[in-house]
Each structure stands twice: as C-alpha cells, then as structure tokens.
**Q** 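Got a structure here, written out as structure tokens. Questions coming.
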2 protein chains.
Amino acid sequence: MYDTLRDRICLLDYPPGTRLSEVELAAEFGTSRTPLRRVLARLEDEGLLTSRHGVGTIVTDLDMEEMARTYALREELADLVGRLDPVPPGAKDLADLDTFLSRGEALRRAPEARTFARLNMDFFAFGLRFTANAPLRDVSERLYYRTARIWLHRVPELDLSEEIAIFLSEMTESARALRAGDTRAAALIRRAHISMCRQRLLTGDGGLCPPALRASPQDT
Amino acid sequence: MYDTLRDRICLLDYPPGTRLSEVELAAEFGTSRTPLRRVLARLEDEGLLTSRHGVGTIVTDLDMEEMARTYALREELADLVGRLDPVPPGAKDLADLDTFLSRGEALRRAPEARTFARLNMDFFAFGLRFTANAPLRDVSERLYYRTARIWLHRVPELDLSEEIAIFLSEMTESARALRAGDTRAAALIRRAHISMCRQRLLTGDGGLCPPALRASPQDT
DNA sequence: ACCGGCAGAGTTGTGCACAACTTGCCATGC
DNA sequence: GCATGGCAAGTTGTGCACAACTCTGCCGGT
C-alpha cells in the first residue's frame, strides 16, 4: 500500500497538486481510512504529501531549490555507499546485473519514459546492495524517492533516447566495475551520474522554459 | 507530544525494553489513542520503538553494530554540514554560543548526566544552523536521535567529569572556529569528536563488561 | 511431577461515526 | 452590478467500540 502510493506519486500518476481522497483510496485498497491514514502520514513525513485540515491531502510540488540540495546530498551519499561497509558483489548480483542490462537494451529499442523510470528505480535499489550500512541505505532511499519525480516531470523537455543512452552507459560502466569486484568504482560512477543528472535537470529555469528552447538534438 | 516522547526515550526515562501503554499515554496527554498512535508510528519509523500486535509498544534496545554504522554515517554527515550550503554565523548565533559556554561551565561545576545530555542535544541542534541544506539537517537530526541514547546508557561505566571536560573542549573549539566565521572548521571539529565518541562508546564489549574493568582514571 | 490446553486479561489494529475546518456557491442587501 | 453573509458539501482530525492477537496462569489429565 505504501509502495503502491509512493510509486504512483513518483511515476506522476498523481502529478504534483493532485488532491487524494482518503475515502476513495481506502475503498480502492479494500480497507478503512485508519490504516490508510498511517500510510499517508508516512508519505507526508517523507515530503511527498501534505495534508491540511478541511482541505485535503495534496501531492507536494517540486521545489527546485530543495531538489538541488537533495541532489547535492545524494551525490555525497552515493560516494559513501562505496566507502562505508562495502559488500563485494555475489553471484546473484552479477546475474541480476545481466537482467538489468537486457532490460536496458530492450528499453533502448522501445523507448518509453515510464519503463525507464521503473528501471531506474530498480537499478537504484540494486546499487544499495553493496553497502552493509543499513542507516545509509535507508537515508539514500528516502532521498532518492524525494527526487525521483523530477526526471519524469522534465522528460517532455528532454531527449528521451539520449537519456536512455546515458543511463545504459551508466549501467554498463557499473557492470564493468562490479564484475571486477570494485564496488568503490561503481559508487563513483553513480556519483558522477547523479552529478550530471543534477546539471541536466536543475540548471537554468527550473522547468518553466518551453521545451522548444532546450536540449535541441544537435547540441550533443 | 512527539518531542516529549522522543526526549523521554533518548534520556532513558523509558529505558530500552520498556513497554509503553497507548491508553496510559493517551490519558496523560489528554487525548485519545488515535493521535497518539500517529506519534508512536513516527517514532517507530525512526527506529526508537517497535510495536507488535497483541504484545505492546516497546522501546528498542541499542544494537551496537547498527550504532557503529550510524556513527560512521553521522561522522560523514557532520563533515558535509561544513561543505554543503554553509551559512556563516550571525550575531544571534555568536550570542547563543556564549549561552552554551556558560551552560557548559555550570555543568562542569555541577556534573549531572541528564543535564549534560540535554546540553549535548541542544548544542547538536545549534550546529545544524550552519548549513542551509534542509535535507541534510533532517537526516542528521534523525540519525542523531537514533544514537543519542547510547551515551546515557554507558555513562555509569564512564568518567562523567572527563566526558564533560571533553565536551566543553569541543564547544570551546567550535566557538573559536565560529567566531572566526569558519564553519568548515567547526564542522571538522564536530566530526573529530563524533569519531572519538564512537571510539569511546563502541569499542570492545558493547557494554556488557562490568564498569570496574573499564576507563580507570589513570588511563588518561 | 509434568505436560497440554484452555480461558482470561491486556495489548495493538481496524472500522465507523462524528467533530472541526475550509471552500465555493448562492441568495440577499446595497 | 457588487459586496457580503451564510449555508451546504466535502475534507481531514478525533474519539470510541470492537476485532485480532499474545502471553500468562491455572487446571485437568497423564
């Protein structure tokens, strides 16, 4: 239930500003408002929702300044994943890596924003396997989902195929590092990509500029 | 309500293993179980409580392995406070600094574990003023309260006056750095003290060794 | 003497009804 | 025409009763 709602928010099924009805959601999940409200409260703590008495529970909109700071922090945390309590990849991890690469390849052939977002989320969770530091994992995940929406939000202004290509390249490089057992290198690769992602997504106007003026194909 | 309960847990008014009664607490706060349960749920998310159906809501005990990892992470976060979105100290900050120092001096003259713990908590919050990075502040605070109990828990085995002296020294050094406008240095000082604190609190037996065998005065 | 089971007390989890509150609309007066 | 007051619908917040569950202690059987 928590995961479902979080995904819906992060995949923009509920765009920022959407008003969620507690009774409707409770009915949908076949439960009463009470357990649902606990979930909503948690999502509120995580900064994805805000409820106001007498008004409704509303999906928060993306504060670009806050996003920039969150990205800066995520970048450092990605680094720490490689430095704090590293866990070398096991056989299952390497196998899963192949699955990720083939999912990425399929995505390249049939680009689709939502599928991309899902793959990105899964690959993020994958990357957290390589630290045994549970608090670090928790914090990283929390901050990831806080920023996850921004990508889908800006995708109309971006070149989807190029974004996918960049992501594929990140996965390929990560795979190389992990196959060599170098989790530190994998973390640095991720850090680099978070940094670049911040550059692409947050620089300039904060998304208010019309798509036509941004990221024309020949820029690359 | 949340702050009250969190403080009670962190100040060991509710030692690890204590079973909290929802109805009693609700009565004490003059409310019903419903709003109280939201608070308890949050404390559970933060890792200070765990509720089990039919059993009770129980204060978590201190997992030394997890504490060590949290300390490692806190150390890095303290560093980041100095590097991410630093805010130079203002006049009010410098004034508050004097208050902290005099509180510390009073504590040195009349050592008392609980007062020390309170001062420590307040000074921690003070240190977070010097970054404008809200997510970093949130995360740091969250992790701080997750580890805050350990100090009071081990205080019987430690030399209270010495701990206070060390803390006074930390505050004095921080004050020097902040008066010079060097928030980065202040952050490094804090980082150093978190590291030393980890050494003192977590090395060895995890608190199972009788006090007499530890920290004899002539060791220093 | 020991063991299994059963009942009761006590706890958290859930459902539901109502209170508190906001917002938009409409009628009314100017 | 416009401002204004109030009403109604809809929302979240709260209180309460009951369901679901766990543990303890007792009792009967073996």
Side-chain angles (χ1 to χ4, degrees), chain A residues 1-63 66 134 138 142 145-146 149, chain B residues 1-63 66 134 138 142 145-146 149:
Chain A
M1 202 149 127
Y2 167 78
D3 288 340
T4 305
L5 287 177
R6 187 194 55 192
D7 286 357
R8 285 187 190 170
I9 294 171
C10 291
L11 293 174
L12 298 190
D13 293 332
Y14 300 142
T18 306
R19 210 187 56 194
L20 303 182
S21 162
E22 292 187 357
V23 289
E24 272 181 30
L25 286 177
E28 179 191 337
F29 289 112
T31 175
S32 92
R33 281 178 57 215
T34 311
L36 177 74
R37 276 176 62 75
R38 173 166 178 167
V39 171
L40 295 182
R42 185 168 163 196
L43 289 166
E44 191 175 352
D45 282 343
E46 318 233 333
L48 299 178
L49 292 178
T50 100
S51 4
R52 279 191 312 164
H53 191 182
V55 181
T57 52
I58 293 160
V59 179
T60 56
D61 50 356
L62 294 79
D63 175 351
E66 175 115 354
D138 292 347
R142 193 181 170 90
Y145 284 111
R146 207 178 160 80
R149 291 181 290 168
Chain B
M1 203 149 127
Y2 167 77
D3 288 339
T4 305
L5 287 177
R6 188 194 56 191
D7 285 357
R8 286 186 191 171
I9 294 171
C10 291
L11 294 175
L12 299 190
D13 293 332
Y14 300 142
T18 306
R19 211 186 55 194
L20 303 182
S21 162
E22 291 187 357
V23 289
E24 273 182 29
L25 286 177
E28 180 192 337
F29 289 112
T31 176
S32 91
R33 282 178 57 213
T34 312
L36 178 74
R37 276 176 62 75
R38 173 164 178 169
V39 171
L40 295 181
R42 184 168 163 196
L43 288 167
E44 191 175 351
D45 282 343
E46 318 233 334
L48 298 178
L49 293 178
T50 96
S51 352
R52 279 191 313 162
H53 191 182
V55 180
T57 315
I58 293 160
V59 179
T60 55
D61 50 356
L62 292 82
D63 176 348
E66 176 114 355
D138 292 347
R142 194 179 168 92
Y145 284 111
R146 207 177 160 82
R149 292 180 289 166

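Computed from a prediction, not measured in an experiment: that's the story for all the values here. Throughout, a chain's letter reflects where its sequence line sits, starting with A, and its residues are numbered from 1.
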**Q** With no hydrogens and no angle check, is any side-chain donor or acceptor of A:T60 less than 3.5 Å from a backbone partner on A:G47?
**A** yes
**Q** Between A:T34 and A:G54, which has a closest nucleotide on DNA chain D that is more 5'?
**A** A:G54
**Q** Can you measure from OG1 (A:T57) to CZ (A:R19) and round to the nearest 0.5 angstrom?
**A** 8.5 Å
**Q** Please determine if B:D3 and B:R6 form a salt bridge, counting it only when a charged side-chain N lies under 4.0 Å from a carboxylate O.
**A** yes
**Q** Nearest whole Å is fine: how far is D:dT11 P from A:L49 CG?
**A** 16 Å
**Q** Taking the basic N atoms (NZ, or NE/NH1/NH2) and the acidic carboxylate oxygens, is any pair closer than 4.0 Å for B:E46 and B:R142?
**A** yes
**Q** Under 4.0 angstrom, heavy atoms only, what part of the nucleic acid is A:R19 near: base, sugar-phosphate, or nothing?
**A** sugar-phosphate
**Q** Once you round it to whole Å, what is the distance between P of D:dC23 and NE2 of B:H53?
**A** 12 Å
**Q** Using a heavy-atom cut-off of 4.0 Å across all strands, would you classify A:L20 as base, sugar-phosphate, or nothing?
**A** sugar-phosphate
**Q** So where does chain A start and stop touching DNA chain C, 5' to 3', when the test is distance under 4.0 Å to a non-hydrogen atom?
**A** C:dT14 to C:dT22
**Q** Is the side chain of B:R33 donor-acceptor paired with the backbone N or O of B:A26 at a distance under 3.5 Å, no angle test?
**A** no
**Q** Working to the nearest 0.5 angstrom, can you tell me the gap between B:Y14 OH and B:L25 CG?
**A** 5.0 Å
**Q** Look at all strands and tell whether B:R52 reaches a base, only sugar-phosphate, or nothing, counting heavy atoms closer than 4.0 Å.
**A** sugar-phosphate
**Q** For DNA chain C, whose closest nucleotide is more 5', that of A:S32 or that of B:G56?
**A** B:G56
